[in-house]
Structures are given as C-alpha cells and as structure tokens.
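Worksheet for the structure shown next.
Chain letters run A, B, ... following the sequence lines, proteins first and then strands; every chain starts at 1. Worth saying up front: this structure is predicted, and the values here are computed from it rather than measured.
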Amino acid sequence: MHVDIDSFYASLEEKRNIEIKDKPIVVCVYSGRTEDSGAVSTSNYKARELGIKAGMPIVIAKRIAKGKDVIFLPVDMEYYREVSDRIMEIMEDEADIIEQVSIDEAYLDVTEKSGRDWNKAIEIANSIKEKINSQEDLSVSIGVSSNKFVAKMASDFQKPNGLTIIKEEDIIPFLENFKVSKLHGVGQKTTKSLNELGIETARDLSSYDIKELEREFGKNKAKLLQEKSLGIDLSPVEPKEKKQLSRIGTLKEDTKEINSIFEKIVELSKDMEQRLLKNNVSFRTISLITIDNELKTQTKSETISRTKDVQKVVSISKKLLEKFFEENSDKKLRRVGIRVSNLDFSKSQKTLDDF
DNA sequence: CGACGTGTAAC
DNA sequence: CCTTTTACACGTCG
C-alpha cells in the first residue's frame, strides 16, 4: 500500500494554531532575497480552491490572495520532521517492510501481515488511518494494490482521507482512461513527447508499438512506460540507503563575486556538517551546484579519497567555484549549492564493546 | 569501469 | 515569477 499524509505541512500548521483553521493556509519556502521571493511548499484545500498550489511563486499566490483572508506561513521543517518520524513508526508497526519516500509518504509491504487477504489488507489500512487520526489528529490517503505503482496511483485517486483498493482484475479498467500526464513518473517532457506520437491516454500507451516507443525513449524507458500504462511494477518495497546529501541556497543578489558566493558555501557547509556528523557519514565525491541568473543549473564535482572532513567540502567547493568562473566569466549566479555523494554510513565506528 | 555532467521527475 | 532535496538514467571521456 501507499500512504500519503493529506496536505501535511498545512494540516500541522492548522493544528498548532486553532485561530487559523477554517482559513486558506499557504506554507512557503522564503528564499530571503526579497520580501516575498520564494515558492509555495504546501497549501491546504481551502487555499487550493483559490488556485494556490505547491510550487507556485509566493508573489503569484499573494496576488491571488489579495483582499482575502489567506494565511501565509514559513516552513518549519524541524517540527514536521518530528511528527513525521512518529507517523513512520506507527506504519512500521503495521507493515512487514516500509519504504519511506518523502517526509509525508511511504510504501508498505503488508504481504505477510495480511496473509495475502485483501480484506485483511483493508483492515490494516483502516487501522493505520485510525491510529494516525487519534494519535496525531491527521488524515491520510491510502492506496492498496498488488504493486507500488498502482498503490501510488490509487492513494492519489481519492483524497483527502481516501482509501482506494485496486485488485488485480481492476487495474486495467482503473488506469486505462488516465491521461499519460497523470501517470506517476511521467512529467512534462515525457508527456510532450508522448502526445506528439498521438499518445494521450494510458490505453493509447499500452497498445502502442514498443519498437516505436524505443525509438523515441530508448529501450529501458520505453519498457517502463508501457509497463506503467498496464499497471505492471515489479519493484520491491525496500528501505533505501541515502546516496547523496545536498544543501542549496539563494544568494542575496545575482553576483559573480567569488568571495560573497564562497561565504554562502561556508554557511551551507555548517548545516551539512550537522547532518554528516549525526549519521557518521563519510563521502568521496563533492559537487558544486550553480544556478545562474537565467535559472540554468550546472554541476561540477571532484572525487577524492574517503573522508568525513567537512573542510574538504569547503576547500574543494571553492576550487570548483573558481573553475566555474574560469569557464563562465560572463555569468552571474542566483543560487549555489553543495553536495556530497559516494556515501558510506560506516556503522562500524568503534564502540566500547569492540575493546 | 569509474568519474563527470546533464536531463527528467517527484516531493 | 522561479524553493529545496533526492534519485536515477544516460552520454561521454579516459
């Protein structure tokens, strides 16, 4: 099954201030560049009715909200993370295996716990709903099916507070009339390409000649696309180890001044240090992420011998930044970020027991 | 094959 | 008008 917490951040903000419940709420990531620069992270259903949706620039959201009683709040990730952790624990109790995909979403394998009995699976889903409801006062939407992809499509089908069951024999009828853009994993670019081939719906995609699809998308992606259209997904529910850690920020103004950009990098690295230390992570690859004034992203990276030293991130980032400006002396940066990858969570830090 | 860079997608 | 973080596929190069 796939479990999705309904408008998570906005719901939490409602709970913590009863004054604003019943009002449209918009939770924002402010970039700090100007008063209202930034983007909408989550809005509650009242705000969505007005047309204020996730990803939208705050300025645009405020334009829509003008003259209306709409509440704008900054994100409080620390608090959301705390609540999320407790909810994930509730789900862990109910599942054989859990795969957390984001702060507010998880896949649960309940094959064993349900004994492959759909009715038992539905009971588990309801139990999860009930617990999250009573313990955290939040609602979730759940999709239950025989694989992750269809479960995800199902959880999205009825929300908020939905429960959608799609048994094997219902998969094709459930999916066939979906527009391809609604299929999870099919974004803007893929939609455009598909539409240009005359493919509008999942049904169109399922019956399309695979060789033709391969010509457009390559073998791998063509197969995955057609499988999606048929509701086929063999990927297991499995917890995944983190593969990279990154931190990115917006500069006060577009600039090509290395020193001021470097200051930002130092700031970002302090934050990253906390996260690295907490998990005892070592890394080999350091990347510099640059986003120029035209919002074009570039990355530069360097791989070194394994280390836990954040100073390495700082020094190599500086080097990569200099390299960037050697190649792009004309460009100004809007945002800058750092990333470490090639990670190792060596739990093997010596403990007293080892002595 | 590993390293590096870009593109696509999702939250 | 324009956030943040992560994953993964793919092309290229040495």
Side-chain angles (χ1 to χ4, degrees), chain A residues 2 4-5 7-10 26-43 53-64 74-75 77 80-81 84 99-107 148-149 152-153 155-156 180-194 217-225 228 235 238 240-251 254 268 271-272 275 284-305 316 320 323-324 327-328 334-343:
Chain A
H2 180 260
D4 196 329
I5 310 174
S7 37
F8 185 42
Y9 302 170
V26 185
V27 182
C28 304
V29 181
Y30 289 94
S31 71
R33 152 169 290 224
T34 62
E35 172 85 352
D36 285 332
S37 63
V40 172
S41 182
T42 322
S43 52
K53 309 249 167 82
M56 176 181 276
I58 297 166
V59 184
I60 305 284
K62 291 218 166 165
R63 205 169 292 161
I64 295 173
V75 289
M77 292 312 298
Y80 308 153
R81 173 64 59 192
S84 168
E99 176 182 336
Q100 187 175 348
V101 283
S102 73
I103 194 165
D104 68 342
E105 262 182 71
Y107 291 104
K148 288 205 290 185
F149 172 73
K152 166 78 182 172
M153 296 297 295
S155 74
D156 211 48
V180 288
S181 62
K182 297 291 176 194
L183 299 176
H184 181 249
V186 176
Q188 219 176 261
K189 306 278 182 172
T190 310
T191 298
K192 183 159 182 290
S193 304
L194 287 169
F217 298 103
K219 215 167 175 155
N220 206 325
K221 191 170 182 194
K223 178 149 176 277
L224 286 172
L225 281 170
K228 280 185 197 297
S235 68
E238 58 185 358
K240 298 204 170 36
E241 200 146 81
K242 246 198 214 327
K243 296 193 170 71
Q244 53 178 237
L245 269 176
S246 65
R247 205 65 184 80
I248 185 165
T250 303
L251 299 158
D254 297 353
L268 296 171
D271 214 275
M272 178 165 274
R275 294 204 280 164
R284 285 199 56 211
T285 304
I286 295 145
S287 307
L288 176 78
I289 305 159
T290 51
I291 298 158
D292 68 22
N293 50 350
E294 287 163 342
L295 297 178
K296 203 178 140 30
T297 304
Q298 267 188 68
T299 62
K300 300 225 165 287
S301 62
E302 186 173 323
T303 301
I304 59 174
S305 56
I316 305 256
L320 295 170
K323 185 162 146 199
F324 173 86
E327 295 167 12
N328 303 275
R334 179 186 178 90
R335 312 177 58 213
V336 66
I338 52 180
R339 173 166 67 213
V340 293
S341 53
N342 227 323
L343 305 182

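Spacing between atom NZ of A:Lys228 and atom P of B:dA9 amounts to 11 Å, rounded to whole angstrom units. Between the NZ atom of A:Lys53 and the P atom of B:dC11 there is a distance of 15 Å, rounded to whole Å. Distance CZ (A:Arg284) to C1' (B:dG2): 9 Å, rounded to an integer number of Å. Distance CG (A:Leu183) to P (B:dT8): 18 Å, rounded to an integer number of Å. The NZ-P distance, from A:Lys189 to B:dT6, rounds to 15 Å in whole Å. In this structure, A:Lys243 atom NZ and B:dA10 atom C1' are separated by 15 Å, rounded to whole Å. A straight line from CD1 of A:Ile304 to C1' of B:dA3 spans 14 Å, rounded to a whole angstrom. As a whole-Å value, the separation of A:Lys192 NZ from B:dA9 P is 12 Å.
Using a 4.0 Å heavy-atom criterion, one finds that A:Ile103 contacts no nucleic acid atom at all. Among the protein residues, A:Thr297 comes within range of no part of the nucleic acid, since none of its heavy atoms lies under 4.0 Å from any strand. Looking at heavy-atom distances under 4.0 Å, A:Thr250 makes contact with sugar-phosphate atoms alone, never a base. If you check every strand for non-hydrogen atoms under 4.0 Å, A:Arg339 touches nothing. Backbone-only engagement by A:Lys152 is indicated by non-hydrogen atom pairs under 4.0 Å involving sugar-phosphate atoms exclusively. A:Val101 comes within 4.0 angstrom of no nucleic acid atom, judged by non-hydrogen atoms across all strands. Within the nucleic acid shown, A:Arg275 comes within 4.0 Å of sugar-phosphate atoms alone, with no base atom in reach, counting heavy atoms only. Looking at heavy-atom distances under 4.0 Å, A:Arg63 makes no contact with the nucleic acid at all. Heavy atoms of A:Ser301 sit under 4.0 angstrom from primed sugar atoms or phosphate atoms, though from no base atom.
Side-chain atoms of A:Ser37 and A:Ser31 include a donor-acceptor pair closer than 3.5 Å.
Projected onto DNA chain C by closest heavy-atom contact, A:Gln244 and A:Lys219 fall at different nucleotides, the more 5' of which corresponds to A:Gln244.
A donor-acceptor distance shorter than 3.5 angstrom exists from the side chain of A:Thr290 to the backbone of A:Gln298, with no hydrogens or angles considered. A donor-acceptor pair under 3.5 Å is absent between the side-chain atoms of A:Gln244 and the main chain of A:Ser341, judged by distance alone.
The listed nucleotides are B:dG5, B:dA9, B:dC11; the one nearest the side chain of A:Asp104 is B:dC11. For A:Lys296, counting side-chain heavy atoms from C-beta on, the closest listed nucleotide (B:dT8, B:dG7, B:dA10) is B:dG7.
Within the cation-pi definition used here (under 6.0 Å to the ring centroid, within 45° of the axis), A:Lys148 qualifies as a partner of A:Tyr107.
First and last contacting nucleotides of DNA chain C toward chain A (any atom under 4.0 angstrom from a heavy atom, 5' to 3' order): C:dC1 to C:dC10.
At B:dA10, none of the side-chain N or O atoms of A:Ser102 fall inside 4.0 Å of OP1 or OP2 (strictly under the cut-off).
Note that OG1 of A:Thr299 is 14.0 Å distant from CD1 of A:Ile338, once rounded to the nearest 0.5 Å.
Nearest heavy atoms, A:Tyr9 versus A:Thr42: CD1-OG1, 3.3 Å. Between A:Ser301 and A:Thr285, the closest heavy-atom pair is CB-CG2, 4.1 Å. Taking each heavy atom of A:Leu343 and A:Leu245 in turn, the nearest pair found is CD1-N, 4.3 Å.
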